[in-house]
Amino acid sequence: MLQIIDLAVSFSSPVEGDSSAQIFRNLSFDFEPGNIYAIRGSNGSGKTTLLNTLANIIPEHIKAEKYGHVYWNGILLNDTPLKEMYHYVSYQMADPDHQIFFPTIESEIIYAPENLGLSHDAIETRLEASLQRFQLSSIRSKDAAKLSVGQKKIVLFAVLNALDSPIILLDEPSSGLSGTSLRMLTEWLLELKASGKLIIIADHKSEILALADHSIDMDRLQGQGL
Amino acid sequence: MIVIRDMSYSWGQDKPLFEHLDITISANKSILLTGDNGAGKSTLLRLIIGALQPNSGSITYNEIDTYRPQCPLFAEAFYLSQNTTENLVGISPFEDLSIWLMAQPPIVERHELEPLLDSFGVADLAHQPIAHLSTGEKRLVSLCMLPQLMHKYWILDEPFAGLDAINRKRLLELIIAKQKLHRGLILVSHDVDTLTHLMDETWEIRDRSLSRSL
């Protein structure tokens with residue numbers, strides 16, 4: 001179980017004279033594996049901030065005041081360095097250009113399981129399964145950076161699939177996806193759920209929100225507890 | 001009228017995205033452009049605005065190739081990239097909109113800039129660094145100039161991506177208002193169900209070609 005207790009995040013304002021902006025506070029919630037959680041809310045309500053906080057990108061990479069505790073099966077994740085977080089969490093961010101680095105789709109997918117220290121054969125198995133799952137086999141040696149925005153998102157789903165972490169965070173996974181790709185995404189999400197993963201999604205699309213077992217409305221959280 | 005004639009395009013050595021494409025875009029029609037991920041929707045918009053040059057064939061406006069700097073389309077159209085960071089060049093939303101003060105002929109005056117941000121509900125972000133805005137907020141800032149540009153031809157790449165319900169409605173209302181003025185636009189979206197009824201035509205890119213339905 002992922003347990004958040006009294007979580008609060010605020011950014012100090014860069015504009016002189018402005019008070020710091022509190023994104024949310026006193027947020028306590030239990031996330032159970034095998035469930036899909038939707039984070040809903042208007043633009044700017046803090047959906048991405050919550051995901052960044054759960055992934056520890058806040059405060060290690062993005063500076064903010066962060067209070068409270070995040071536990072995964074009793075392990076305190078707050079102090080876990082970002083470079084260790086992949087054991088627990090995989091994260092598709094809203095802008096795929098933030099996450100694509102390697103010269104080919106293949107090497108992009110291989111990087112994550114390599115870091116897990118898997119054997120060559122195990123890495124190959126995960127690579128092939130992910131390529132096939134997301135219909136990327138025919139373009140496996142293409143440069144991912146040159147793909148369209150929608151295709152880059154699909155590559156990131158393949159990366160997350162290969163990493164196989166217990167917690168999966170997705171920020172606007174459906175935006176930019178065509179009907180065919182959207183179906184591929186929803187099928188994958190239902191498979192992940194069935195295999196016991198904990199999935200947390202920020203999205204606006206009804207097809208995605210309809211899959212959620214529970215939802216968190218960030219508009220209702222503004223400045224108050226859940 | 002934008003005329004695409006026998007146009008082919010491919011990225012480097014890749015398979016062609018378009019082969020011998022022939023199509024005419026009338027400046028008063030609203031067009032929805034759809035297609036699978038990677039089909040070439042964004043590339044076609046970039047070819048139309050002239051940010052890319054066809055490998056063969058031509059895309060012309062007033063009989064001048066759109067990729068040439070002297071083509072008047074560049075002044076008469078407004079292009080929004082799918083990537084919001086490409087659309088915003090200022091440090092803050094206010095500064096970004098200030099760039100329009102330099103437009104010839106003038107479109108807005110300085111005291112009109114901040115109210116522009118109200119059109120998509122982001123006036124309180126006027127002086128925040130753009131780098132601190134969320135993806136959705138950046139998209140909203142990039143849309144704020146649209147009400148002032150009703151007279152231009154719009155070329156919009158996924159303008160609805162990441163918008164919440166209120167702002168979706170605001171953008172839909174703008175598009176309807178623009179259609180009443182008989183000013184054209186072409187936009188990419190996957191939200192076919194909502195938009196296909198609203199737009200004059202729906203074009204789908206499939207198998208390196210365009211199919212159109214009225």
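Bear in mind that the values here come from a model prediction, so they are computed numbers and not experimental data. Quick note on labels: first sequence line is chain A, next is B, and so on, each numbered from 1. Both backbone and side-chain heavy atoms feed into the values below; hydrogens, waters and symmetry mates do not.
The candidate with the highest count of non-hydrogen atom pairs below 4.5 Å against chain B, out of A/S174, A/A202, A/S42, is A/S42. Most heavy-atom pairs under 4.5 Å with chain A, from the set B/T34, B/L125, B/D14, B/I166: that is B/D14. The candidate from A/R40, A/K142, A/K146 with the greatest count of non-hydrogen atom pairs under 4.5 Å with chain B is A/K142.
The 12-atom threshold is exceeded at CD of A/E191, counting heavy atoms of other residues, nucleotides or ligands nearer than 6.0 Å. Atom OH of A/Y111 sits in a sparse spot, with 12 or fewer heavy atoms from other residues, nucleotides or ligands closer than 6.0 Å. Heavy atoms from other residues, nucleotides or ligands lying under 6.0 Å from NZ of A/K66 number more than 12. Residue-environment remark: NZ (A/K83) stays at or below the threshold of 12 foreign heavy atoms within 6.0 Å. Annotation for A/I5: atom CD1 counts as buried by contact number, over 12 foreign heavy atoms lying within 6.0 Å.
Annotation: residues 177-190 of chain A contacts chain B through A/L177, A/S178, A/T180, A/S181 [non-hydrogen atoms, separation under 4.5 Å]. By a heavy-atom distance cut of under 4.5 Å, A/A94, A/D97 are the residues of residues 94-109 of chain A near chain B, going up by number. Residue-level contacts of residues 133-147 of chain B with chain A, in order of numbering, are B/S134, B/T135, B/G136, B/E137, B/L140; threshold 4.5 Å between heavy atoms. Near-neighbour residues of residues 203-210 of chain A relative to chain B, defined by a heavy atom under 4.5 Å from a heavy atom of that chain, comprise A/H204.
Residue contact with chain A, scored on non-hydrogen atoms closer than 4.5 Å, involves the backbone and the side chain of B/L163 alike. Interface residue B/N167: only side-chain heavy atoms are found under 4.5 Å from chain A. Using a 4.5 Å cut-off between heavy atoms, A/I154 touches chain B through its side chain atoms alone. Proximity to chain B (any heavy atom under 4.5 Å) is restricted, for A/E172, to the side chain, taken from C-beta onward.
Between the CD atom in B/E158 and the OG atom in A/S148 there is a gap of 9.0 Å [rounded to 0.5 Å].
The backbone N or O of A/Q151 lies less than 3.5 Å from no partner atom in the side chain of B/N37, so there is not a single donor-acceptor pair.
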